[in-house]
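Remarks on the structure that follows.
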Number of protein chains: 2
Amino acid sequence: MATRSRRTPRRTEALSRERIVEAAVELLDSAGESGLTFRALTERLATGPGAIYWHVANKGELLGAATDAVVAAAVAGAGAGAAAQAEAAAGDAAEAGAEAAAAEPGEDTAAAEDGAEVSVGVVSPQDRIRSVALGLFDAIEDHPWLATQLATQLSRSPWGPVTPRIFESVGRQVRALGVPEDGWFTATSALVHYVLGAAGQNAVNTAHGSGLGPGVDRAAFLDAASTAWEQLDPDDYPFTRAVAAQVREHDDREQFLAGIDLVLAGITAVVAAHTAAPGQE
Amino acid sequence: MATRSRRTPRRTEALSRERIVEAAVELLDSAGESGLTFRALTERLATGPGAIYWHVANKGELLGAATDAVVAAAVAGAGAGAAAQAEAAAGDAAEAGAEAAAAEPGEDTAAAEDGAEVSVGVVSPQDRIRSVALGLFDAIEDHPWLATQLATQLSRSPWGPVTPRIFESVGRQVRALGVPEDGWFTATSALVHYVLGAAGQNAVNTAHGSGLGPGVDRAAFLDAASTAWEQLDPDDYPFTRAVAAQVREHDDREQFLAGIDLVLAGITAVVAAHTAAPGQE
DNA sequence: ACAGGTATGGAACGACATTCCATGCTGGAA
DNA sequence: TTCCAGCATGGAATGTCGTTCCATACCTGT
């Protein structure tokens, strides 16, 4: 009666936390939120649960690490080369972890000029904020599970690595915008909250699933939502019915940026009022 | 060997979807997100899983119904008696489900006057928006699980009942604010996104758990977060470190409202620019 | 060669959501 | 009244999940 015996030979490549997180992101991307199971993970990594638990405390920590990796890549891609826009957010986006904060040497010094028009090579703080926001927006589009995870991670442990990452990249531009110091937290919070709220909402059905392009499912989805809103009770939902048509036709990205501009307009308006008549609210 | 036999007598009170949702909300409130299990539910309702599944398709639908019930109570309490503020959002807040939409007969007709100062009995659209937002804010404070659920529900199925409920109560006031029709969707979206993003973030540790009041744990939590931010790498996180002190001292509710005002300022600024020089962006 | 920490893979466990089914109830037809 | 067809209920059974436990292999310094 032999107790237990070794059957499969050991893997050649060593297991590491990075490899695990990378595999987790891939699983989440391909199979959705419910696709990330320790069983699928052990199969993909050709190992057992015990090996994974040696590197990772539990599933929650794994989800947190996956979220952080993707967010780090997103804000790094957007924060660094503002001209390159958010194209860097595409791809697998993992394994970026540490390098993210190393970007942005001493920029944001040539900023804070006017606000609207931008000449070649000079990027306004507004544009940088838009760039960071779009980076997150695209990251959520590429990794639909990120929306829920961001909400969960941020509300469960805002002291984690994710919040400061976003806060920092937005806050620097808020500072460059000329906002007085006692308004930094308020203005940055408002921007970050809008971005997270909006990005979360738009996480639906970019649909890399079917063979069709993302736009097709997206259009179908918007059509369904719009139709549903049009069929609401006219007495209870007059406004919602009135905007249903706008829902069907709107472009996510434009809409998202329009919201950013709205918040930015509010910030600059409040700043202007503050500098004109200081000491007031 | 008798196959199966009846043991416990049938309950007297009938089971209903409402009673199930109500019990679900209570379980979520008292035991947190992980406290809602079909086991706990069957025990509390003194029944079996089959009975529950007769009224509810699956756990997801149950969570959606619980979310909708709480949100309905929140926007109803805030939307109706704007003077009574959001006190109505306290309490158990369940079992409101259907009645929510029945509120608000024909208000928002006496609105759209000036914007800033409010005399007795007259409530500006701005105040109504603040009221609705605070209603949601307080609801999330009373039901911490609501933050994650809102994010999940809204990103998974925006055609559900929750989104229109919030959208409608905010949108009516946006309309009353004088925003031109083609800006309704953008402005309302921006507000709703900010509210949901901010409320989700503030869902942490109002801590009805320990015997101490909510404020105590909240202060401890903020202190921990602030300290953590202060210990970040100075090279990577200069801005975040700079605002860490503001984090420790800030008041959630004030901060939340300040963000609302920021967005409102942006909306009115854009509206003003639009009416001054129509046809531009 | 060997000891001890590091790392690994598989079996086992308990909790969970969900399904299945035998049973009880109720209201209308006979 | 009796009977039958659904509605409704509760409990047992199922399969999957996260997690723990442990025997074992690898590796580094001696």
Side-chain angles (χ1 to χ4, degrees), chain A residues 1-24 27-28 30-67 145 148-149 152-153 156, chain B residues 1-24 27-28 30-67 145 148-149 152-153 156:
Chain A
M1 193 204 275
T3 52
R4 295 203 215 163
S5 59
R6 203 110 291 267
R7 257 152 286 187
T8 59
R10 231 172 225 238
R11 260 183 309 87
T12 22
E13 308 179 72
L15 203 55
S16 73
R17 190 183 157 98
E18 284 179 19
R19 273 175 45 78
I20 294 175
V21 171
E22 183 184 352
L27 249 102
L28 285 166
S30 61
E33 206 143 357
S34 62
L36 177 61
T37 74
F38 273 78
R39 290 188 149 76
L41 214 48
T42 56
E43 189 179 357
R44 176 178 272 257
L45 294 171
T47 179
I52 296 178
Y53 272 94
W54 180 259
H55 298 274
V56 166
N58 49 42
K59 191 177 181 179
E61 188 188 304
L62 181 56
L63 276 166
T67 303
W145 50 272
T148 307
Q149 275 314 304
T152 307
Q153 297 293 327
R156 261 212 267 276
Chain B
M1 195 200 275
T3 52
R4 294 206 213 160
S5 60
R6 203 110 291 267
R7 256 152 289 188
T8 59
R10 225 170 232 238
R11 262 185 309 86
T12 22
E13 308 178 71
L15 203 55
S16 72
R17 191 184 157 100
E18 286 180 17
R19 274 173 46 77
I20 294 175
V21 171
E22 182 184 354
L27 265 161
L28 285 166
S30 61
E33 208 145 353
S34 63
L36 178 61
T37 73
F38 274 79
R39 291 243 230 275
L41 215 47
T42 56
E43 189 178 357
R44 176 177 272 258
L45 294 171
T47 181
I52 296 177
Y53 272 94
W54 180 259
H55 297 274
V56 167
N58 51 40
K59 192 176 180 180
E61 188 188 302
L62 181 56
L63 276 167
T67 303
W145 50 272
T148 307
Q149 274 313 304
T152 308
Q153 297 293 329
R156 260 211 267 276

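Labels below follow one simple rule: chain letters A, B, ... track the order of the sequence lines, proteins then strands, and each chain is numbered from 1.
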Give the table of side-chain donor-acceptor pairs shorter than 3.5 Å for residues 48-59 of chain A, with sequence neighbours excluded, one pair per line with atom names and distance.
residue  : atom : partner  : partner atom : Å
Asn58(A) : OD1  : Gly60(A) : N            : 3.2
Asn58(A) : OD1  : Glu61(A) : N            : 2.9
Lys59(A) : NZ   : Leu36(A) : O            : 2.8

- Interatomic distance, CG@Leu62(A) vs CG@Leu27(A), rounded to 0.5 Å, equals 9.5 Å
- Note on the structure: From CZ of Phe38(B) across to P of dT9(D) the rounded distance in Å is 15 Å
- One should read off an interatomic distance between Arg44(A) CZ and Ser30(A) OG, to the nearest 0.5 angstrom, of 5.5 Å
- Message: I need the Glu43(A) CD to Thr37(A) OG1 distance, nearest 0.5 Å.
- Response: 9.0 Å
- dG10(C) P sits how many Å from Glu43(A) CD, rounded? 12 Å
- Query: Considering residues at least two apart in sequence or located in another chain, which fulfil the side chain to side chain contact (heavy atoms under 4.5 Å, CB included) criterion with Ala31(A)?
  - Reply: none
- Quickly work out the Leu41(A) CG to dC17(D) C1' distance and round it to whole Å. 13 Å
- Message: From C-beta outward on Pro49(B), which listed nucleotide comes closest to its side chain: dG10(C), dT8(C), dG11(D)?
- Response: dG11(D)
- Query: Contacts to DNA chain C from residues 52-61 of chain A, heavy-atom cutoff under 4.0 Å, which residues?
  - Reply: Trp54(A), His55(A)
- Item | Spacing of Arg39(B) atom CZ relative to dG11(D) atom P, expressed in whole Å | 13 Å
- Message: Using a strict heavy-atom distance below 4.0 Å, which residues from residues 30-37 of chain A are in contact with DNA chain D?
- Response: Leu36(A), Thr37(A)
- Who passes side chain to side chain contact (heavy atoms under 4.5 Å, CB included) against Ser34(B), sequence neighbours left out? none
- Query: With Arg39(A), which residues qualify under salt bridge (charged side-chain N to carboxylate O under 4.0 Å, His left out), at least two apart?
  - Reply: none
- Can you measure from OG1 (Thr148(B)) to CD (Glu33(B)) and round to the nearest 0.5 angstrom? 4.5 Å
- Query: Atom CD1 of Ile20(A) to atom P of dA7(C): distance rounded to whole Å?
  - Reply: 11 Å
